[in-house]
Amino acid sequence: MADPKGFLTTPREVATTRPPEERVKDWNEVYVPGSLLPIISKQAGRCMDCGIPFCHQGCPLGNLIPEWNDYAYREDWSAASERLHATNNFPEFTGRLCPAPCESACVLGINQPAVTIKNVEVSIIDKAWGNGDVTPQPPERLSGKTVAVIGSGPAGLAAAQQLTRAGHTVAVYERADRIGGLLRYGIPEFKMEKSHINRRIEQMRAEGTKFRTETEIGRDITAAKLRRRYDAVVIAAGATISRDLPVPGRELNGVHFAMEYLPLSNKVQEGDLTVSPITAEGKHVVVIGGGDTGADCVGTAHRQGAASVTQLEIMPRPGAERAAHQPWPTFPMLYKVTSAHEEGGERVYSVSTTHFEGDEDGNVQFLHLVEVEFKGGKLEQKPGTERKIPAQLVTLAMGFTGTDQANGLVEQFALELDERGNIARDADFATNVPGVYVAGDAGRGQSLIVWAIAEGRSAAAGVDRFLTGASDLPAPIRPTDRALMA
């Protein structure tokens with residue numbers, strides 16, 4: 001183990017963020033650069049010699065957390081990086097974006113603040129990049145087999161890298177103009193700067209992976225043509241259909257899906273646009289949805305100069321401590337203050353939108369809401385609680401309902417869907433069509449980045465077996481595995 005008394009003598013200390021009034025003036029990551037390295041070795045030393053490390057159960061990748069904590073404590077960064085990459089293709093992504101279910105399952109967390117696993121992870125990988133420990137790993141020989149991967153989010157990239165390293169010739173197809181999927185256009189720059197994606201793409205190119213942007217399978221290339229060209233196909237197209245809010249006034253100008261709003265601000269940061277066509281500048285902004293995507297909209301609106309920002313959530317406000325029905329090591333629903341919330345705005349819980357009100361030109365001006373409560377398992381409106389709030393820009397961040405079917409991909413492949421509308425697959429991540437596999441949110445439904453990478457790795461193992469008859473690639477999860485929830 002690391003420090004035998006570390007969990008007794010060292011208090012939990014997390015990364016330092018820049019002052020809110022400073023960081024809302026730019027789009028750089030919110031953390032103070034270099035603030036973790038002076039403290040992270042002692043933080044890694046808090047990892048205790050627990051008999052059964054439940055952090056492994058909390059993490060679908062099965063990350064070897066106690067091992068790389070020990071190396072980080074000893075400041076053996078190369079060994080820590082090797083252990084980190086043994087289970088995770090992209091720890092710089094998860095170290096910045098994952099909500100860290102591993103920390104919720106940390107044994108120390110039973111009666112003390114958990115180990116800062118996420119901070120240790122990102123410190124190791126940033127140190128590895130700085131030291132030159134992250135290098136291309138091209139295969140020793142090629143198999144002669146070809147694989148197409150549809151979608152370049154974390155699941156698609158993980159599958160592609162695993163299959164390339166196994167010796168197959170892999171091409172990744174992405175309908176957007178840049179590689180990265182929601183990592184590129186759904187995650188704001190202040191949460192993860194896109195330079196982290198770019199250098200991983202260059203590593204994958206050096207290993208032999210090919211990338212084809214601005215190519216949508218189903219429209220630009222038919223499924224039949226793709227199947228003739230490749231020996232296997234991995235569908236990692238995500239769950240990109242946003243959940244809508246069918247209330248009166250939805251058609252008014254200024255009411256947008258979060259995934260219409262967020263990508264445009266990222267395109268400004270990429271240099272494609274000078275100003276976003278959908279901007280919060282000088283407007284009263286309302287974000288509907290209390291999750292991470294909603295918080296991304298909040299932080300984006302702050303940086304665009306919103307007059308006010310209000311975030312609405314239909315569920316009651318969670319507690320600050322674990323509820324009795326969400327015991328360790330389950331992933332609890334807790335009240336979370338993200339960096340975006342630290343920057344300002346109001347959060348309103350237990351409310352539902354009844355309708356939008358616009359001006360004579362068809363622009364949204366007000367949002368009408370009502371307080372709600374659960375009674376007998378049903379959501380009911382509370383009489384006399386109706387009110388309206390200013391709303392000149394509304395973003396709908398209420399999650400996603402499934403993979404895109406409008407482009408013909410599902411129909412052209414003749415794919416079967418499960419009862420939730422996701423692409424059905426067997427224990428090997430194979431669809432009903434021979435040689436066609438599915439990974440990530442397209443098969444699982446809306447989920448976390450760490451599950452997407454685990455799905456990509458597991459699907460790659462299934463594809464490798466299909467192509468060669470056997471596989472040494474790791475498969476950390478099964479399609480039926482789910483997060484440990486109460």
Could you check whether any side-chain N or O of T164 sits under 3.5 Å from a backbone N or O of A160, counting only pairs where one atom can act as donor and the other as acceptor?
yes

Assess whether atom NZ of K194 is packed by more than 12 heavy atoms of other residues, nucleotides or ligands within 6.0 Å.
yes

T215 side-chain N/O to T213 backbone N/O, donor-acceptor pair under 3.5 Å:
yes

Are the side chain of D404 and the backbone of T240 linked by a donor-acceptor contact shorter than 3.5 Å?
no

Rounded to the nearest 0.5 Å, what separates atom CG in N253 from atom CG in N363?
5.0 Å

Within the side chain of R200, is there an N or O that forms a donor-acceptor pair under 3.5 Å with the backbone of F90?
no

Is it the case that over 12 heavy atoms from other parts of the model lie below 6.0 angstrom from the CE atom of M259?
yes

Trace of the salt bridge (charged side-chain N to carboxylate O under 4.0 Å, His left out) decision for E189 with R184:
CA-CA 9 Å; E189 193 85 357; R184 174 76 64 179; over 6 Å; no

Say whether, by atom type as modelled, one donor and one acceptor occur between the side chain of S152 and the main chain of G180 under 3.5 angstrom.
yes

Quick check on side chain to side chain contact (heavy atoms under 4.5 Å, CB included): which of V364, I389, T353 does V286 satisfy it with?
I389

Main chain of F374, side chain of K378: is a donor-acceptor contact present, judged purely on distance under 3.5 Å?
no

For E411, is the CD atom crowded, meaning more than 12 foreign heavy atoms sit under 6.0 Å from it?
no

Derivation of the salt bridge (charged side-chain N to carboxylate O under 4.0 Å, His left out) call for D426 and R478:
CA-CA 9 Å; D426 65 14; R478 299 164 296 184; over 6 Å; no

Using a distance-only test with no angle check, is there a side-chain donor-acceptor pair under 3.5 angstrom linking Q365 and H284?
no

Quick one: does any side-chain atom of N89 pair with a main-chain N or O of P154 as donor and acceptor, under 3.5 Å?
no

Would you check, one step at a time, whether the test salt bridge (charged side-chain N to carboxylate O under 4.0 Å, His left out) holds for E270 with K267?
CA-CA 5 Å; E270 294 280 7; K267 281 186 167 292; over 6 Å; no

Cation over ring face, R243 and F400, 6.0 Å, 45°
no

Geometric cation-pi criterion, R250 with F257: 6.0 Å, 45°:
yes

Using modelled atom types only, decide if a donor and an acceptor are shared between the side chain of R96 and the backbone of M192 within a distance under 3.5 Å.
no

Would the number of heavy atoms belonging to other residues, nucleotides or ligands and lying under 6.0 Å from CD of E321 be above 12?
no

Exam field: side chain Q326 to backbone P332, donor-acceptor pair closer than 3.5 Å
no

Heavy-atom donor-acceptor pair, D359 side chain to D361 backbone, under 3.5 Å:
yes

Dump the intermediate steps for salt bridge (charged side-chain N to carboxylate O under 4.0 Å, His left out) on E357 and K388, then the final yes or no.
CA-CA 9 Å; E357 178 184 337; K388 69 178 182 179; 3.7 Å; yes

Y349 and E371: side chain donor to acceptor below 3.5 Å:
no

R444/D481 ion pair, N-O < 4.0 Å
no

Would you call D177 and Y185 a side-chain contact if the rule is heavy atoms closer than 4.5 Å?
yes

Within a radius of less than 6.0 Å around OH of Y31, do more than 12 heavy atoms belonging to other residues, nucleotides or ligands occur?
no

Looking at E342 and R23, does any basic side-chain N land under 4.0 Å from a carboxylate oxygen?
yes

Is it the case that D441 and S447 place a side-chain donor and acceptor less than 3.5 Å from each other?
no

Determine the interplanar angle of the Y230 and Y173 rings, folded into 0 to 90°, and report it as parallel if under 30°, tilted if 30 to 60°, perpendicular if over 60°.
perpendicular

Taken in chain and number order and not counting sequence neighbours, the residues that satisfy side chain to side chain donor-acceptor pair (under 3.5 Å) with E121 are N88, T94

Indicate the atoms forming the closest heavy-atom contact of P476 with R457, along with that distance.
CD-CB, 4.1 Å

All side chain to side chain donor-acceptor pair (under 3.5 Å) counterparts of D418, not counting sequence neighbours:
none

With sequence neighbours excluded, residues passing side chain to side chain donor-acceptor pair (under 3.5 Å) with T222
none

Looking at E281, I want to see if its CD is surrounded by more than 12 non-hydrogen atoms of other residues, nucleotides or ligands under 6.0 Å.
no

